[in-house]
Number of protein chains: 4
Amino acid sequence: MNKILAYLKASVGKEVLSSPSPLINGLNAKVLRVEEGHLEFSYVVTEEMTNPLKILHGGTTAAIIDEIVGATVFTLDKSHVYTTVNLAVDYFSKAGIGETIIAIGTIIKAGDKIINAQCEVWNEDRSRMIARGYSNLMKSAYENN
Amino acid sequence: MNKILAYLKASVGKEVLSSPSPLINGLNAKVLRVEEGHLEFSYVVTEEMTNPLKILHGGTTAAIIDEIVGATVFTLDKSHVYTTVNLAVDYFSKAGIGETIIAIGTIIKAGDKIINAQCEVWNEDRSRMIARGYSNLMKSAYENN
Amino acid sequence: MNKILAYLKASVGKEVLSSPSPLINGLNAKVLRVEEGHLEFSYVVTEEMTNPLKILHGGTTAAIIDEIVGATVFTLDKSHVYTTVNLAVDYFSKAGIGETIIAIGTIIKAGDKIINAQCEVWNEDRSRMIARGYSNLMKSAYENN
Amino acid sequence: MNKILAYLKASVGKEVLSSPSPLINGLNAKVLRVEEGHLEFSYVVTEEMTNPLKILHGGTTAAIIDEIVGATVFTLDKSHVYTTVNLAVDYFSKAGIGETIIAIGTIIKAGDKIINAQCEVWNEDRSRMIARGYSNLMKSAYENN
């Protein structure tokens, strides 16, 4: 089991306060479920995460999806670095301040060079999908371009 | 001139500290240029905006793009509310802590019901594109679904 | 049951030679399964459907996905006309001349104004996903813009 | 100058009847302009390219965009094979049978491993954009996965 997967498994049921990803530390994340290639996190929507209409900002949703997609890929393989080629998000519904939302990351296709992963965002009882995103990540050593 | 456009024009050269969008207040945004259908903002990358590799988080980039796309649409028309249908982001290059990045929002097609807008993110001297995103927004009164 | 759904159900097991969509008539489509909100078609890859490398052209794949997404939406509702807002396709693997491929259309979210649908393309025994696409369609009477 | 670029330059003003891409031969393509990293083709919409409403099928549009994106990348570099990672298309307007449409391919970012290109589709006098697509292609020797 790789270190990221072990760390995440040990975090189930806990709030994420010291993620290696600084972005995530401000998002009130809680780890719900961790399997190889499958992650579930919950978040409580705060005012900082909203738009002028006081509902979950599409940019926050995109950031959560990007974070969960990346973390889900890292549960598969920690021997490579992945760079995100693209991220696509479809928005379906809204969430208000105080609402708990669930982000579910899964692997769609683990190819030789490209991994495709998706993240669905649901309301707390999983009766209403708020958004769904999908991303291609390229296996690579990290280098400038 | 609509109120959003007037507010943004009055903000040129200033830092955005009290945006109606709470998400943006944490992003060190500065308004560079404002025209109807065209916006340019700069940001200084802080550690909170980075990923575990200490470079600009793809989720932060997506959030900035979503914010700028939305603001650019509002410079056109403040008589309707727009909801984002989808956002697509292509990632090209990276940015480090302390680096200034420029986000440039433009309108691609203002249709009757759908507005398509894009946002490019560049390094400070605009010699290197970091990411580009495009989004469809639907004209609508805001309502639950 | 709407007319499109009835027509498609009556076509299960048959080749599609006189589709109302002229594009589809050249694609050797065969209807495998039809449910409300779920379609499965098969195609045999011909040289006309390939690229210079003699493998399934990404443009053909995109055309099949767009066609199946549209047909899947029409199994839900024939009282409205839908216009496609956007289509995103992720490519995973290839298919050669003579190979049978399966396209599976499903509805992800049927909103009030927007329907989001996806189409997966698999090899014949469904062991290898070739591509996956997702699309937003807007409910509307058809009109010029 | 690479062979593809030379072939395309020699084709300016001509119909494309014997493209190495079989898909393109059925599309009435005519080469309008060829530069390194920039292509313009025109097409006349035929019934075979339409949907049941007798307007240009979104799938045909996607196929044209994918073809032009690929050809534009090949004007840059013929020493590598590129595989398409993803294609995203935004649809803005429609085109009827007999109408001439223009597809314009450009390179957005030529990275070390990934090239990002776009294709806009316009009506004949370029007053109305019909669709715009963008695609990421990965430099690679061609191999099974």
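Computation of the quantities below employed the complete heavy-atom set of this structure, encompassing side-chain atoms and omitting hydrogens, waters and symmetry-equivalent molecules. This is a predicted model, so every value here is computed, not measured. Letters A, B, ... mirror the listed sequences (proteins, then strands); counts begin at 1.
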Is any side-chain heavy atom of [Y] closer than 4.5 Å to one of [X]?
X: C:Glu35; Y: C:Thr75; answer: no
X: C:Phe74; Y: C:Leu39; answer: no
X: C:Phe92; Y: C:Val121; answer: no
X: C:Ile104; Y: C:His38; answer: yes

Next on the checklist: Between C:Ala62, C:Ser135, C:Ala88, who has the most heavy-atom pairs with chain D when the cutoff is under 4.5 Å?
Outcome noted: C:Ala88
Checklist entry - Given a strict heavy-atom distance threshold of 4.5 Å, which part of D:Val89 is in contact with chain C: side chain, backbone, both, or neither? => result both
Next on the checklist: Quick check on D:Glu67 against chain C: is it the side chain, the backbone, both or neither that has a heavy atom closer than 4.5 Å?
Outcome noted: both
